[in-house]
2 protein chains.
Amino acid sequence: MVMNRKCIIRLSRYKNALKRLKSLGFVKVFSGNLADAAGVTSSQVRKDFSLFGITGNRRGGYRVDELIERISLILGKNELQKVVIVGMGNIGKALMRYRGFEAGGIKVLAGFDIDPAKYNKLAEIPILPLEDFREFVQSQGVKIAILAVPDVSAHHVSEVIISAGIKGILNFAPIQLRGADDVVVSSINLEVELENLIYFVNAGAKTEPEIEA
Amino acid sequence: MVMNRKCIIRLSRYKNALKRLKSLGFVKVFSGNLADAAGVTSSQVRKDFSLFGITGNRRGGYRVDELIERISLILGKNELQKVVIVGMGNIGKALMRYRGFEAGGIKVLAGFDIDPAKYNKLAEIPILPLEDFREFVQSQGVKIAILAVPDVSAHHVSEVIISAGIKGILNFAPIQLRGADDVVVSSINLEVELENLIYFVNAGAKTEPEIEA
DNA sequence: GTTTTATTGCCTTAGTTTTCACAATAATTT
DNA sequence: AAATTATTGTGAAAACTAAGGCAATAAAAC
């Protein structure tokens with residue numbers, strides 16, 4: 001099992017590039033094409049593929065359909081992935097309305113909050129009380145949650161959702177979550193992102209630090 | 001000049017940890033404390049500091065105030081950093097309302113869109129036509145933009161803002177921006193993030209892949 | 001059907017990042 | 001004030017990641 005995060009990110013990029021190429025009518029693709037699309041070298045593409053046992057034809061490249069299928073399987077995207085959003089503030093609501101997930105096989109099943117004024121149990125994507133979280137995710141088999149609560153509540157809420165069985169958290173709160181060993185936490189900290197950008201802009205960075213959240 | 005992105009991210013984390021420690025009354029801090037707070041080893045902390053010429057006292061640790069000051073200077077956070085947001089869709093509006101930036105010395109000066117229905121020139125943070133972008137950022141000296149437009153317009157809009165003088169872009173559009181050499185692009189792709197999370201959750205990741213967008 | 005050509009697959013080399021180990025030394029104890 | 005202890009600062013080693021180079025070989029050309 002490949003545990004290199006950067007490699008998995010590149011797989012996602014290859015998949016996106018492949019979908020574009022497919023929509024343009026491409027049937028075959030070479031490592032160099034994907035390399036250009038993803039901004040890496042062709043050796044890197046072939047090396048990544050070899051890590052997952054993906055093979056093509058010498059001189060014939062790779063079949064686009066097959067490759068998309070193969071990568072989707074690796075990324076778990078051949079089946080619909082169910083997620084929930086916890087925290088219906090600015091970010092949480094925006095993510096709830098974000099339509100980009102559906103095309104990628106990601107389905108937001110519900111939002112959760114502690115503020116009764118935000119509940120809306122009848123909406124297409126319902127907003128439910130946090131008290132209902134455990135029952136909901138267990139009955140629906142949800143393993144992934146997006147955490148978009150204020151920093152002061154983030155630690156507490158993370159414990160609640162982990163105890164309910166969540167195994168992966170995309171954390172937008174600007175704190176370092178300490179999850180259980182079998183829980184994967186991925187953080188997006190907007191201020192840290194901006195600080196980074198500011199640093200490299202001020203540094204007059206020639207070497208663009210190919211940043212992918 | 002240190003060009004290691006991960007190292008800069010850790011600096012941001014150290015700074016956040018230091019601010020918390022300061023608010024708790026800490027005056028001195030040891031590399032081990034910061035290591036715990038940031039989820040790294042103490043050698044890593046000291047090595048990072050040594051890269052920037054930050055020194056403490058043997059056996060005495062580091063002074064919290066001094067360290068915050070020093071790191072802020074490195075990250076360019078000793079002066080107010082002005083940013084603009086381009087694209088007033090779900091994400092753009094949410095970021096506009098996000099109050100977390102101010103505490104960190106980041107000031108959102110304005111939002112921009114092409115839809116006249118969204119203009120609001122009199123708001124505290126005005127929403128202006130994209131046509132006014134160049135004049136605005138040049139008169140205000142803005143170098144950083146958050147790009148939150150739909151993927152189809154992202155490439156075009158990025159060219160517009162780069163030609164207006166933007167040197168750093170935090171890109172939320174799910175495409176690979178190809179900026180000029182002196183423009184730093186940092187991308188946050190929510191779908192890629194989730195795909196990553198799904199992969200590592202399915203892999204039953206023991207080794208939490210310390211993800212920081 | 002033979003030759004040429006382009007591309008993969010992988011082994012090797014190079015580069016980067018992290019960890020280890022320990023001398024130097026400032027604070028604390030005796 | 002001497003001895004002890006805890007912590008830094010950094011050079012060296014290890015681990016990890018990416019790039020380069022080339023034999024194997026499938027497709028294309030002749």
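Throughout, protein chains are lettered first and strands after them, A, B, ... in sequence-line order, and every chain is numbered starting at 1.
Nucleic acid contact class of B/Thr55 (heavy atoms, under 4.0 Å, all strands): sugar-phosphate only.
Between the NZ atom of B/Lys47 and the P atom of C/dC22 there is a distance of 16 Å, given to the nearest Å. One can place CZ of A/Phe30 at 15 Å from P of D/dA26, the figure rounded to the nearest angstrom. Here C/dT19 presents its P atom at 10 Å from CG of B/Asp48, a figure rounded to the nearest Å. When rounded to the nearest whole Å, the span between CZ of B/Phe49 and P of C/dT19 equals 15 Å. To the nearest angstrom, P of C/dT16 lies 14 Å from NZ of B/Lys6. Distance, A/Ile54 CD1 to C/dC10 P: 13 Å, rounded to whole Å. Rounded to a whole Å, the CZ atom of A/Phe52 is 15 Å from the P atom of C/dC10. Put simply, CG on B/Leu67 is 10 Å from P on D/dG9, counting in whole angstrom units.
Checked for salt-bridge contact, A/Lys15 and A/Glu69 miss the test: no charged N lies under 4.0 Å from a carboxylate O. Ion pair B/Lys77/A/Glu195 flagged as a salt bridge, since at least one NZ, NE, NH1 or NH2 atom sits closer than 4.0 Å to an Asp/Glu carboxylate oxygen.
Residue pairs meeting the ring pair (Phe, Tyr, Trp, His ring centres under 6.0 Å) criterion with at least one partner in residues 135-176 of chain B, sequence neighbours excluded, are B/Phe112-B/Phe136.
In this view, B/Phe52 and A/Tyr199, B/Val2, B/Cys7, B/Ile8, B/Leu11, B/Ile54, B/Ile74 satisfy the side-chain contact (heavy atoms from CB on, under 4.5 Å) rule, not counting sequence neighbours.
A close approach under 4.0 Å does occur between a side-chain nitrogen or oxygen of B/Thr41 and OP1 or OP2 of C/dT19. The phosphate of D/dG9 (OP1 or OP2) has a side-chain N or O of B/Tyr62 nearer than 4.0 angstrom. Contact check, A/Arg10 against D/dA18: a side-chain N or O comes under 4.0 Å of OP1 or OP2. A/Ser31 has a side-chain polar atom (N or O) that falls below the 4.0 Å cut-off from OP1 or OP2 of C/dT8. Listed pair A/Gln44 / D/dT17 fails the phosphate criterion, with no side-chain N or O lying under 4.0 Å from OP1 or OP2. Side-chain nitrogen and oxygen atoms of B/Ser43 include none within less than 4.0 Å of the OP1 or OP2 phosphate oxygen of C/dT18.
Along DNA chain C, the nucleotide closest to B/Arg46 and the one closest to B/Asn4 are compared, and the more 5′ of them pairs with B/Asn4.
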B/S/- along nucleotides 23-30 of chain C (protein heavy atoms under 4.0 Å) is BBBBBS--

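Listed here is the closest heavy atom pair of B/Ala110 and B/Leu128: CB-CD1, 4.2 Å.
To the nearest 0.5 Å, the span separating CD1 on B/Ile71 from OH on B/Tyr62 amounts to 10.0 Å. Interatomic distance, B/Ile175 CD1 to B/Asn189 CG, rounded to the nearest 0.5 Å: 10.5 Å.
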